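Below you'll find the structure I mean.
Quick caveat, the model's predicted, so the values are computed rather than measured.
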Amino acid sequence: MNALGRWLRSVRYAVDGLKYILLTQPNMRIHFGAALIVLTLSWLLRIGETKILFLLLAITIVTVTEAVNTAVEKAVDLASREIHPLAKIAKDVAAAAVLLAAVFAVVTGIVVFWQPVVDAFGGSFAEPGMSGLFRALILLIVTALAAFLLQTAGSRKKGGESGRFSAPSVPVALAWTAAGWISLAAARREMMLLALFLAALASVLFLERSKASLFAVATGAGLGILIAVIGYITI
């Protein structure tokens with residue numbers, strides 16, 4: 001078989017793999033549906049070429065990591081049918097790659113579509129502007145990274161693996177960062193009270209419906225407020 005024939009056979013195998021993950025993996029179908037919607041909106045809103053490239057990059061990263069995740073899962077299942085801690089780690093790490101790619105895609109979508117959507121509504125939602133929105137997104141990412149790092153640091157000191165809801169709680173930290181930022185930036189007192197109430201309600205619900213400790217919720221809230229305050233006074 002010549003080089004062209006081998007290349008065509010490789011392409012056929014790749015297409016078979018794509019068909020398999022689309023037929024068997026609901027998440028991949030969701031990714032493809034989201035990509036279809038995003039690209040259609042980019043056409044209707046006349047998104048520029050550079051921004052479309054960022055959208056295509058985000059779509060590609062998400063779909064590639066989902067495909068790799070599926071490959072890792074099948075390889076692990078083939079290697080060992082028994083439940084093994086190393087098999088769980090392999091699958092969890094592959095799933096984490098998909099999660100990180102999805103977060104990147106969401107942030108990219110918000111940054112790309114914010115101003116066109118504002119313009120489509122005649123600028124009636126022009127506050128906060130793109131710079132304010134982007135700062136808020138950065139604060140949320142910083143909060144998540146800080147919470148995860150503190151979790152793993154505490155786990156290493158104890159010499160064990162981190163639990164599912166170690167201190168500080170990441171969702172609670174994110175909720176209080178958002179509430180703190182809104183409270184500090186909002187000109188109206190009722191907006192501040194509403195933001196703080198929603199963050200407190202989210203913390204209580206998280207505490208009741210998860211295995212998180214009160215310490216994890218409290219430290220998550222403290223971390224979120226701290227980052228919001230630091231972010232606000234340094235802008």
Quiz item: Is there a path from L214 to I225 through hydrophobic residues (I, L, V, M, F, W, Y) whose side chains come within less than 4.5 Å of each other?
Solution: yes
Quiz prompt | Sequence-distant partners of I141, side-chain contact (heavy atoms from CB on, under 4.5 Å), two or more places apart | solution = V107, L145
Quiz prompt | Residue pairs involving residues 18-43 (criterion salt bridge (charged side-chain N to carboxylate O under 4.0 Å, His left out); sequence neighbours excluded) | solution = none
Quiz item: Minimum heavy-atom separation for A175 to A199, with atom names?
Solution: O-CB, 3.8 Å
Self-check item: Over 12 non-hydrogen atoms of neighbours within 6.0 angstrom of CZ in R12
Solution: yes
Quiz item: Given the rule that I, L, V, M, F, W and Y join up when any side-chain heavy atoms are under 4.5 Å apart, are V229 and L150 in one cluster?
Solution: yes
Exercise. Applying side-chain contact (heavy atoms from CB on, under 4.5 Å), name anything that partners V217, two or more places apart in sequence or on another chain.
Key: V172, S203, F206, L207, A212
Quiz item: If you take all heavy atoms of L174 and A144, which pair is closest and at what distance?
Solution: CD2-N, 4.1 Å
Self-check item: For V38, all residues meeting side-chain contact (heavy atoms from CB on, under 4.5 Å), sequence neighbours excluded
Solution: L55, F113
Quiz item: Apart from L22 itself, which Ile, Leu, Val, Met, Phe, Trp or Tyr residues share its cluster (side-chain heavy atoms under 4.5 Å, direct or through members)?
Solution: L18, Y20, I21, M28, F32
Quiz item: Who passes salt bridge (Lys or Arg N to Asp or Glu O under 4.0 Å) against K91, sequence neighbours left out?
Solution: D77
Quiz item: Given the rule that I, L, V, M, F, W and Y join up when any side-chain heavy atoms are under 4.5 Å apart, are I227 and V103 in one cluster?
Solution: yes
Exercise. Please report the closest heavy-atom contact between L223 and A173, naming both atoms and the distance.
Key: CD2-CB, 4.4 Å
Quiz item: Which atoms form the tightest heavy-atom contact between A101 and V62, and what is the distance?
Solution: O-CG2, 3.4 Å
Self-check item: Contacts of E190 that satisfy salt bridge (Lys or Arg N to Asp or Glu O under 4.0 Å) - sequence neighbours left out
Solution: R188
Quiz item: Linking Ile, Leu, Val, Met, Phe, Trp and Tyr by side-chain heavy atoms under 4.5 Å, what else ends up with L78?
Solution: none
Quiz item: After noting the C-alpha distance and the side-chain angles of N69 and E66, does the key distance pass the side-chain contact (heavy atoms from CB on, under 4.5 Å) rule?
Solution: CA-CA 5 Å; N69 179 46; E66 185 65 53; 3.7 Å; yes
Quiz item: What pair of heavy atoms forms the shortest contact from I52 to I47, and how long is it?
Solution: CD1-O, 3.5 Å
Practice problem: Applying side chain to side chain donor-acceptor pair (under 3.5 Å), name anything that partners D92, two or more places apart in sequence or on another chain. | Solution: K88
Quiz prompt | Partners passing side-chain contact (heavy atoms from CB on, under 4.5 Å) against L39 (at least two apart in sequence or in another chain) | solution = S42, L56, I59
Quiz item: Any link between V15 and W7 through a network of hydrophobic side chains (Ile, Leu, Val, Met, Phe, Trp, Tyr) touching at under 4.5 Å?
Solution: yes
Self-check item: Distance in Å, Q25 CD paired with H31 NE2, rounded so as to fall on 0.5 Å steps
Solution: 9.5 Å
Self-check item: Remaining members of hydrophobic cluster (4.5 Å side-chain criterion), L57
Solution: I61, F104
Self-check item: Hydrophobic cluster membership, Y232 vs L196, 4.5 Å side-chain cutoff
Solution: yes
Practice problem: Could you identify which residues cluster with L44, counting Ile, Leu, Val, Met, Phe, Trp and Tyr as linked when any side-chain heavy atoms lie under 4.5 Å apart, either directly or through a chain of such contacts? | Solution: W43
Quiz item: For the residue pair T63 and T60, what are the closest heavy atoms and their distance?
Solution: OG1-O, 3.0 Å
Quiz item: Do the side chains of T219 and S169 get nearer than 4.5 Å, heavy atoms only?
Solution: no
